[in-house]
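Written out below as structure tokens is the structure these notes cover.
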Amino acid sequence: MSENVIDNDNVVKSNNFIHQIIEEEISTGKNNGRVHTRFPPEPNGYLHIGHAKSICLNFGTAQKYNGLTNLRFDDTNPSKEDTEYVDSIMEDVRWLGFDWDNRLYYASDYFDQLFGFAVKLIKEGKAYIDDQDAETISAQKGTPTRPGTESPYRNRTVEENLDLFMRMKAGEFNEGERVLRGKIDMTSPNMHMRDPILYRIMKTSHHRTGDKWCIYPMYDFAHGQCDYWEGITHSICTLEFEVHRPLYDWFIDQLKDSEYRPRQIEFSRLNLNYTVMSKRKLLELVKDGHVNGWDDPRMPTICGLRRRGYTPESVRNFAERVGVTKTDGVTDVALLEYSIREDLNKRAQRVMGVLNPLKMVITNYPEGQVEEMDAINNPEDETMGIRKVPFTRELYIEQDDFMENPPKKFFRLSPGIEVRLRYAYFVTCTNVIKDANGEIIEIHCTYDPASRGGNSPDGRKVKSTIHWVSATENIEAEVRLYDRLFSDEEPDGHKDVDFKEFMNKDSLQILPKCYIEPFVKDAKALDHFQFERLGYFNVDPDTTPEKLVFNRTVQLKDTWAKVQCK
RNA sequence: UGACCUAUGGUGUAAUUGGCAACACGUCUGAUUUUGGUUCAGAAGAGUCCAGGUUCGAGCCCUGGUAGGUCAACCA
């Protein structure tokens, strides 16, 4: 990678600013040189490519410094969370290739300790019960430019606070009637320090603790403490938590009883052009049926990318290439596409498939004859060997590979022109058959028997090699072509226009009847292929024994398409 | 009238902590090619947000601006 510096000892060093901080700390012996990170999703939705960046950062950083990474579910708000999400998150992290070993935690594991810590703060006069409603408290908080004012309940006695807190826990009050607040500083320039709410009443059963609790800690009151109790050294999160850091540190100060101290470090979240990344918007796309679920191959979710045909390696490489900084920017999806092409080019089984069939009849080829042609499985990897492809008198070729009146730089088949059928023969177009409307329905060719395998003994050249599939010896398949979901580079970047206005109406194109060479007949869900000259495709899980379904992961680079545009 | 953060080719990042602004994607040439793919060779493209200052020397340090982001859920 670009940030890799190969020094004289030939050691590859990747250094983002977080790694630099860590190396500095290791050299000064902070936390005894220990590195322990965590990936802390809230189980309220599916993970997306932005989370993948965070996962790679957290797990990758720990790996680099011989440290550990915990998986921790930040489940402090039972009204939004569900085990459905817990399961999908674990699956996605594993799929990416990371392992939390036996270190699976939940913020809810710490509810008792958190409660105890709250009691301690109350006893020390650092927290109090506020009886006001949300609106009043909010109004008293002031604004970023105007200081807040103190709650009339701020100076209750410890005894009264303790009594009220116990009664909150016992369920004596209704939701919204009481909250526990930290007693910090209502005039702080940082809004988060203005007596933040620590606990609120929620009479909702929790997906793990059931009805044991009716008061739940807020994010700020849970996250740093969980870090502390787990021995986390580097609490890596996204930029919007920057202003929470003083509060994070304040709680750590109240907790700390040794030299050990976790440190929150913020980095900028990933943005991709032509896509939206917020959970809320992705949920909207799913709920309103704009896509077919969280794992729709057009979605930037990890499960969507997986179904689309992305590999864990490609996603990890992408994350590495994007880098880690504090500057917010927008990454070009072209980089993501490059990452998957790069990976699949080396690994994908090649196969011939015709998406938009045009029948070709080789008039001088014996009827009923079937020849087995040798085809290379992957030119990038000789060990993958060769396979046989059946060749017959009637074939399908791609509609785009024939033009009756070709423009200047069109190298493919047209009347009177000779091309190579890949791994088979040279053929020359002799006739074009049209229907009553003048539509081309079939083309006739003659072949040169001497060119078997694709080379003529007389050494003559052709300008083009096209792919083909036997019209009789093939597998029919449905192929789903995907394009970007949005036609605008930044669909959620317009103040007055809803992001859905920019949805690309042609983001999904279904080709119900394509022809693929017989090799794919036993392909299993998620298997990758390169359809030669077209792109990378994988088998969609919708595939049944009766019907094979492919997704186009990404097209091959297409310089001809560029030429045409000019 | 606030606090905090950020600013380097079209895009994402780097610059050994003060020493000729580098890499990748993208773009454009050319070569090779039984994939208009891959690979290979090469090119264009920034003088580092602006203005001062320190210095032999500043993307890095100092001063002052400008622009953008974040913060006013009993969300995370």
Side-chain angles (χ1 to χ4, degrees), chain A residues 1-5 7 15-16 20 40-42 44 74-77 79-81 107 130 133-134 137-139 141-148 175-181 188-194 196-202 215-216 218-220 222-223 237-246 266 268 270 273 279 321-339 341-342 345-346 350 352 375-376 379-380 409-412 420-424 453-455 462-467 530-535 555-563:
Chain A
M1 305 308 96
S2 61
E3 64 272 30
N4 288 352
V5 177
D7 69 20
N15 262 327
N16 60 51
Q20 285 173 18
E42 182 186 17
N44 69 342
D74 228 328
D75 56 350
T76 57
N77 183 357
S79 69
K80 289 184 165 182
E81 297 151 6
D130 198 328
D133 61 26
I137 289 176
S138 170
K141 269 201 174 162
T143 70
T145 53
R146 211 187 306 279
E175 288 186 12
E177 283 184 358
R178 298 275 188 306
V179 287
L180 179 69
R181 291 231 257 164
S188 169
N190 185 325
M191 297 292 290
H192 298 273
M193 299 299 273
R194 321 242 263 230
I197 290 167
L198 273 32
Y199 266 95
R200 77 286 214 189
I201 298 168
M202 286 183 96
I215 57 172
Y216 293 94
M218 299 289 289
Y219 163 83
D220 284 308
H223 202 96
C237 60
T238 45
L239 245 29
E240 66 270 26
F241 291 98
E242 212 155 21
V243 284
H244 292 240
R245 195 168 65 229
E266 310 85 14
S268 72
L270 174 72
N273 58 9
K279 267 185 193 173
R321 272 188 258 263
V322 165
V324 180
T325 63
K326 298 187 72 147
T327 70
D328 30 30
V330 183
T331 296
D332 195 335
V333 280
L335 192 62
L336 219 208
E337 294 178 347
Y338 169 79
S339 298
R341 282 196 196 101
E342 177 199 42
N345 177 47
K346 283 179 274 177
R350 267 59 167 177
M352 290 194 286
I376 295 166
E380 306 294 317
K409 288 193 171 166
F410 187 84
F411 301 150
R412 285 109 98 144
R420 174 188 295 112
L421 294 176
R422 178 145 233 228
Y423 300 126
N455 279 308
V462 289
K463 273 195 128 171
S464 174
T465 301
I466 65 176
H467 62 276
Q530 184 196 96
F531 289 4
E532 293 216 30
R533 305 208 302 132
L534 297 177
Q555 285 177 276
L556 253 31
K557 275 203 198 161
D558 190 349
T559 52
W560 168 235
K562 275 184 199 164
V563 172

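Just so it is clear: chains get the letters A, B, ... in the order the sequence lines come, proteins before strands, and each one is counted from 1.
Residue A:Val243 has its side chain nearest to B:rU70 when only B:rG36, B:rG37, B:rU70 are considered. Among the nucleotides B:rU13, B:rU35, B:rA72, the one closest to any side-chain atom of A:Thr327 is B:rU13. Closest to the side chain of A:Thr559, from the set B:rG36, B:rC74, B:rC25, is B:rG36. Side chain of A:Thr145, nearest nucleotide from B:rC74, B:rG36, B:rG2: B:rG2. For A:Lys141, taking side-chain heavy atoms from C-beta onward, the closest of the listed nucleotides B:rG12, B:rC71, B:rC74 is B:rC74. Taking every side-chain heavy atom of A:Glu240 into account, B:rU70 is the closest of B:rU70, B:rU35, B:rA72. For A:Pro379, taking side-chain heavy atoms from C-beta onward, the closest of the listed nucleotides B:rG36, B:rG37, B:rA72 is B:rG37. Out of B:rC75, B:rG36, B:rC74, the shortest distance to the side chain of A:Asn77 is found at B:rC75. Of the candidate nucleotides B:rG36, B:rU27, B:rG12, B:rG36 has the atom lying nearest to any side-chain atom of A:Phe410.
Within 4.0 Å of A:His244, counting heavy atoms only, lies at least one base atom of the nucleic acid. The residue A:Tyr338 sits close only to the backbone: its heavy atoms come under 4.0 Å of sugar-phosphate atoms, none of a base. Counting non-hydrogen atoms under 4.0 angstrom, A:Lys80 reaches a base of the nucleic acid. If you check every strand for non-hydrogen atoms under 4.0 Å, A:Gly329 touches sugar and phosphate atoms only. At the heavy-atom level, A:Met202 lies nowhere under 4.0 Å from the strands shown. Using a 4.0 Å heavy-atom cutoff across all strands shown, A:Gln530 reaches at least one base atom of the nucleic acid.
The number of heavy-atom neighbours closer than 6.0 Å to NZ of A:Lys463, taken from other residues, nucleotides and ligands shown, is 12 or below.
Rounded to a whole angstrom, the distance from the C1' atom of B:rG9 to that of B:rG47 is 10 Å. With P as the reference atom, B:rA31 and B:rG10 are 30 Å apart, rounded to whole Å. Taking atom P in both B:rA46 and B:rU11, one finds a spacing of 13 Å when rounded to whole Å. On the C1' atoms, B:rU54 is 11 Å away from B:rU63, given to the nearest whole Å.
Each of A:Asp133 and A:Lys409 has a nearest nucleotide on RNA chain B; the 5'-most of these lies closest to A:Lys409. In terms of position along RNA chain B, the nucleotide closest to A:Asp332 lies nearer the 5' end than the nucleotide closest to the other residue of the pair A:Asp332 and A:Val324.
Under the stacking definition used here (centres under 5.5 Å, planes under 30°), the residue A:Tyr219 fails to qualify as stacked on the base of B:rA76.
Checking B:rU8 for Watson-Crick or G-U wobble geometry (two distances, each under 3.5 Å) identifies no partner in any strand. Pair assignment for B:rU63: B:rA51, on the basis of Watson-Crick or G-U wobble contacts that are both within less than 3.5 Å. Under the Watson-Crick or G-U wobble criterion, with both distances below 3.5 Å, B:rU38 has no partner in any strand shown. Shown here, B:rA22 forms a base pair with B:rU13; the pair counts as Watson-Crick or G-U wobble because both key distances fall under 3.5 Å.
If you measure from atom CE of A:Met352 to atom P of B:rG37, you get 18 Å, rounded to the nearest angstrom. What separates CG of A:Leu336 from C1' of B:rA24 is a distance of 14 Å, to the nearest Å. The CG atom of A:Leu239 sits 8 Å away from the P atom of B:rU6 (whole-angstrom rounding). Distance A:Lys463 NZ to B:rU35 P: 15 Å, rounded to the nearest Å. Atom CD of A:Glu380 is separated from atom P of B:rU39 by 7 Å (rounded to the nearest Å). Going from atom CD1 of A:Ile201 over to atom C1' of B:rA73 covers 16 Å, rounded to whole Å. Taking atom OH of residue A:Tyr199 and atom P of nucleotide B:rA76, one finds them 12 Å apart after rounding to whole Å. Atoms CG (A:Asn16) and P (B:rA15) sit 10 Å apart, rounded to a whole Å.
Side-chain contact check for A:Val563 versus A:Phe410: every heavy-atom pair is 4.5 Å or farther apart. Using a 4.5 Å cut-off on side-chain heavy atoms (C-beta onward), A:Leu556 and A:Gln530 make contact. In this structure the side chain of A:Pro246 reaches within 4.5 angstrom of the side chain of A:Asn190, judged on heavy atoms. The side-chain heavy atoms of A:Tyr338 and A:Arg321, taken from C-beta on, include a pair separated by under 4.5 Å. Side chains of A:Ile376 and A:Arg350 form no contact here, defined as non-hydrogen atoms less than 4.5 Å apart.
Contact between the side-chain N/O atoms of A:Thr465 and the OP1/OP2 oxygens of B:rU35 is not found at any separation under 4.0 Å.
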Do A:Glu266 and A:Arg245 pass the salt bridge (charged side-chain N to carboxylate O under 4.0 Å, His left out) test, and can you show the C-alpha distance, the side-chain angles, and the key distance before you say yes or no? CA-CA 9 Å; A:Glu266 310 85 14; A:Arg245 195 168 65 229; 2.7 Å; yes
